[in-house]
**Student:** 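Questions regarding the structure given below will be posed in turn.
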Amino acid sequence: MSWLPLSFGAPMVLWGLLALPVIWWLLRLTPPRPQTEVFPPLRILARVLRREETPHQSPWWLTLLRLLMAALVVIALAEPVFNPREKLPAEGSALALVIDNDWASAADWGKRVATAERLIADAGSNGVPVVIAFTAEKPNAEIGPFDASAAFDRLRAAKPRPIPTDRPAVYARVAATLEHLPGASVAVLADGLAANGDEAAFRTLLEKNASRLVWVTSDRISLTGLTGADNEVDGFTLTAIRAPGDPAPAQVTAGAFDDKGRRIADATLTFAPGNTTATGTMKVPFELRNDFASIALDGEHQAGAVRVLDESSKRRRVGLLSQAEADQAQPLLSPLYYIRRALQPFADLVEPSSADLADAIPQLLDQKPAMIIMADVGTIPEQVRQRLVDWVDKGGTLVRFAGSRLAAAGNDDDLLPVRLRSGERALGGALSWTAPQAVTEFPKNGPFADLAPPAEVTVSRQVLAEPTPDIVERTWATLADGTPLVTGMKKDKGTLVLFHVTPEATWSNLPISGSFVEMLRRIVQLSRNQGAAVANAEAAASSLAPYRMIGADGALVPPTPDARPLVPAAGPLPVTLENPPGLYGSETGVFAHNLLNASSTFTPLARPQISLPVTAIPYAFDESENLKGPLVTLALLLMVLDTLAVFWMGGLLSRRPRRAATTAAAVLIAVGGLFGHADLARADDSKPGDSQAIEDISKTRIAYVITGEPGIDSISRAGLEGLTRFLIEKTALEPGPPAGVDIAKDELTFYPLIYWPIDATAPMPSEAAIARIDAYMQQGGTVLFDTRDQFANGIDAGSASPATERLRDILANLNVPPLEPVPSDHVLTKSFFILPEFPGRFNGSPLWVEASLDASNTENRPVRTGDGVSPIMITANDFAGAWAVDENGDPMLPTVPPDPMQRVYALRAGVNIMMYMLTGNYKSDQVHVPVLLERLGQ
């Protein structure tokens, strides 16, 4: 029974409205209780004489109030619904919900969940079991059948994934389940995009046991994706796509972000009417382009609108230098001709204006190139030689090509990777017994390891390297007879490379081969530290650990527990749950794994052509509203007003002010409770921040220092949350949630332990902040410093890591007591668990604590050190990385080495530290128990 836009769940109850006339008649016969007054009799008589009649029925307004209250109760019991929705077809032996939760569903995931909730609710009202499956989850995920309550839990626990759908596998599992539930209704909640294998997948799902299809999809595909971001000569060229069928022109804005998430460039891409592809260019200086870490489309909260960038997207400035004058009539004989042609697509080339090396080299160095290429340059002038050597030592890459000048110049240990024999070696000449040599397999330890050796390349002339013990390590390419063709070596922070042939096709045809371009490109990639690790990893075909992932909403997030190492390969790599889109590698170098590639398109998903009944509905929120609650609340409010009216008519409010005020206050409190927002104001003398202080001291909480680096702070918080869970599980201590503190402003005395991860990129604390830390340590608090650099250098090493250097700068301003590694008999080794060492994510660094008063007397240590605890602890094992867990309680970061027990020992180490902080040397005092018992016995 329904009258739009209002419907009733129990319309038969409305017949109760017919009782309203009876109620009206009864109310007229039962007037309110007459007013009673205790006054002298004469005054009563005087008032009686002035009355012409005595009331014998209720006032009309009170009767109307009570009739309205009764009508509201009857209508509420009929379960009225405003703007009712049509009941969805959730019938048959079961309801099978097949939901796309891939990247394309992230933008309107809430609307999709609301639609699925309506289907499950209707199935539950019909008593129909629910099979629920998601097309972007693990293949072994449970799909049911479930009851409605369990299906709701599964739906609300699901979330969109930044990967494509796998409809064939999931639909096959659902079809296998429906073999035991013939005649089921199948609801397909699709993302609207077609994929390979859809036709066969729908045939498998619907042909056998389905009785009805509920087709749920969006009216139109409003997605926009980013398929290309190429660093060209004049800027970053972007390519975006959209779904076909939209004739209107459109514009989208793209932003470029650095590795800290700061927006540093913009571009506008325009879709012409009817076009599905748009392009745009970010015309910014190449120095700024090299800082691009990701590019994202504005307003598109999904993974397809984001592209992460690696070293292949960075452009370097390369300086070119030659002593030979360019012949305009014969450009192919110019020493730099083939080098320019090879490097121009992916590097910015600069050349000096002077031919004099004394002027040319400073001109190039002033432009701060990442790499300098010298084509047959002989002796370097002494006045500029040291500056060139310093440039290499600080990270520059110097590439030299052989020639007659270099062969005659002699050896230069600072600017050549190997020592050379004097003169040249001719192959295939009249006086030579050796034929021109081909290039053999590239050595596995060089940057060209994964390149195929060019079969067409031969060498007829070269400069030879002196055989030395390290010649094999420095050889990047060899000829068939074993002589080096390309040699290279690291020199301090820079790289020296030598091609033992000329850069033009006189000594060899290498410069006119395709391998020459790829070899120079690899060397350009190695000209920055970020390219070295990934280039070597690709060469060895090894796996790269997940570093930063693209979430389903397009945000860069830490690696998920499902992410696995990626093996880079030529061509597009599949995006899966184990290899989601994002960056793989480490801080020293990353590999970009993006969701969309240059060949990606958005093809609308076509509804399958089947003979089953089909109900098509759009994604939408449930806009219906149940009026039962508001009507009951209004009826109760009218009851309160009726009670006040009866009190007033009985004289209770006018004759007894104090009691009336009490009654009115009670009524107002009851009304506030009905509406859920009664506010009780109380004047006190509290100060701002007192409530936060009370909350901070109500429970023991572990604090961590907010460094300002989002990645470090998120791991610190996740690590302390993991330790808190372990403490609650294993001990009687139930700490509160961890707290992030700003050491320059927040109160520190509330926390017994403050975890401080040291990072060289974080700002150096101010003197006032360090003074607050010093006061905190002097007053009994403990700071746990973690440099997280166990695989770099320890705090006592001669050559310290940047994190250790930063720690030394901080400790220089603190009153630090003498330190020692935790001795084997220290109370920390037995405060809860028996521990011989204190590992974290890494294992090997000692845990430094305050040295005992009598360090040489091991028999009395640490019993005689008092009940205090060490105000400072230092480690390099990355405790927070080992403790860190996600919302499901799964570890976020792997241990090194990957030993599960190492994480358990790390958590036990955290428990021992907390017990030590809270009990002091309590465990050590146990040695006195026998003596105390003996005295008590006396």
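Reckoned from all heavy atoms, side chains included, excluding hydrogens, waters and symmetry mates. Being a predicted model, the structure only gives us computed values, none of them experimental. Quick note: residue numbers are just sequence positions, from 1.
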**Student:** Taking only residues at least two apart or on different chains, which pairs with a member in residues 354-368 satisfy salt bridge (Lys or Arg N to Asp or Glu O under 4.0 Å)?
**Tutor:**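 As it turns out, the salt bridge (Lys or Arg N to Asp or Glu O under 4.0 Å) pairs with a partner in residues 354-368, which skip direct neighbours, are Asp366-Arg387.
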**Student:** Let me confirm one number: the CG-CG distance from Leu226 to Leu596, rounded to the nearest 0.5 Å.
**Tutor:**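 Rounded to the nearest 0.5 Å, the CG-CG separation comes out at 8.0 Å.
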**Student:** Would you check if Thr787 and Asp759 make a side-chain contact, meaning some heavy-atom pair closer than 4.5 Å?
**Tutor:**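 Of all side-chain heavy-atom pairs linking Asp759 with Thr787, none is under 4.5 Å.
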**Student:** May I ask you to check whether Phe292 and Phe236 place their ring centres under 6.0 Å from each other?
**Tutor:**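 Yes; Phe292 has its ring centre under 6.0 Å from that of Phe236.
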**Student:** Quick one: list whatever passes side-chain hydrogen bond (donor to acceptor under 3.5 Å, both in side chains) with Arg806, sequence neighbours left out.
**Tutor:**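 By the side-chain hydrogen bond (donor to acceptor under 3.5 Å, both in side chains) rule, Arg806 matches no residue at all.
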**Student:** Just one of Thr379, Asp414, Asp390 clears the side-chain hydrogen bond (donor to acceptor under 3.5 Å, both in side chains) bar with Arg385, so which one?
**Tutor:**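 The single option meeting the side-chain hydrogen bond (donor to acceptor under 3.5 Å, both in side chains) with Arg385 is Asp414.
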**Student:** Consider only side-chain N and O atoms of Gln437 and Thr483, and report whether a donor and an acceptor are under 3.5 Å apart.
**Tutor:**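 Checked: Gln437/Thr483 side chains show no N/O donor-acceptor pair below 3.5 Å.
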**Student:** Report yes or no: does Gln323 contribute a side-chain atom to a donor-acceptor pair with the main-chain N or O of Gly378 at less than 3.5 Å?
**Tutor:**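 Answer holds: yes.
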**Student:** Indicate yes or no for a side-chain donor-acceptor contact from Asp878 to the backbone of Arg841 under 3.5 Å, with no hydrogens or angles considered.
**Tutor:**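 The answer is no, because no donor-acceptor pair under 3.5 Å joins these two groups.
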**Student:** Ignoring hydrogens and geometry, is there a side-chain-to-backbone donor-acceptor pair from Arg307 to Ala296 under 3.5 Å?
**Tutor:**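 It does not hold such a pair.
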**Student:** Quick one: pull up CG in Leu485 and OG1 in Thr440 and give me the separation to the nearest 0.5 Å.
**Tutor:**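 The CG atom of Leu485 sits 11.0 Å away from the OG1 atom of Thr440.
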**Student:** Assess, by modelled atom type and distance only, whether the side chains of Thr475 and Thr478 contain a donor and an acceptor separated by less than 3.5 Å.
**Tutor:**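 No - no donor-acceptor pair under 3.5 Å links their side chains.
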**Student:** What residues form a ring pair (Phe, Tyr, Trp, His ring centres under 6.0 Å) with Phe785, not counting sequence neighbours?
**Tutor:**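 In terms of ring pair (Phe, Tyr, Trp, His ring centres under 6.0 Å), with neighbours along the sequence ignored, Phe785 is linked to Trp756.
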**Student:** Short question: side chain of Arg262, backbone of Phe257 - any donor-acceptor pair under 3.5 Å?
**Tutor:**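 A pair under 3.5 Å: no.
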**Student:** Is a side-chain N or O of Gln790 found less than 3.5 angstrom from the main chain of Gly840, in a donor-acceptor match?
**Tutor:**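 Judged by distance alone, no pair lies under 3.5 Å.
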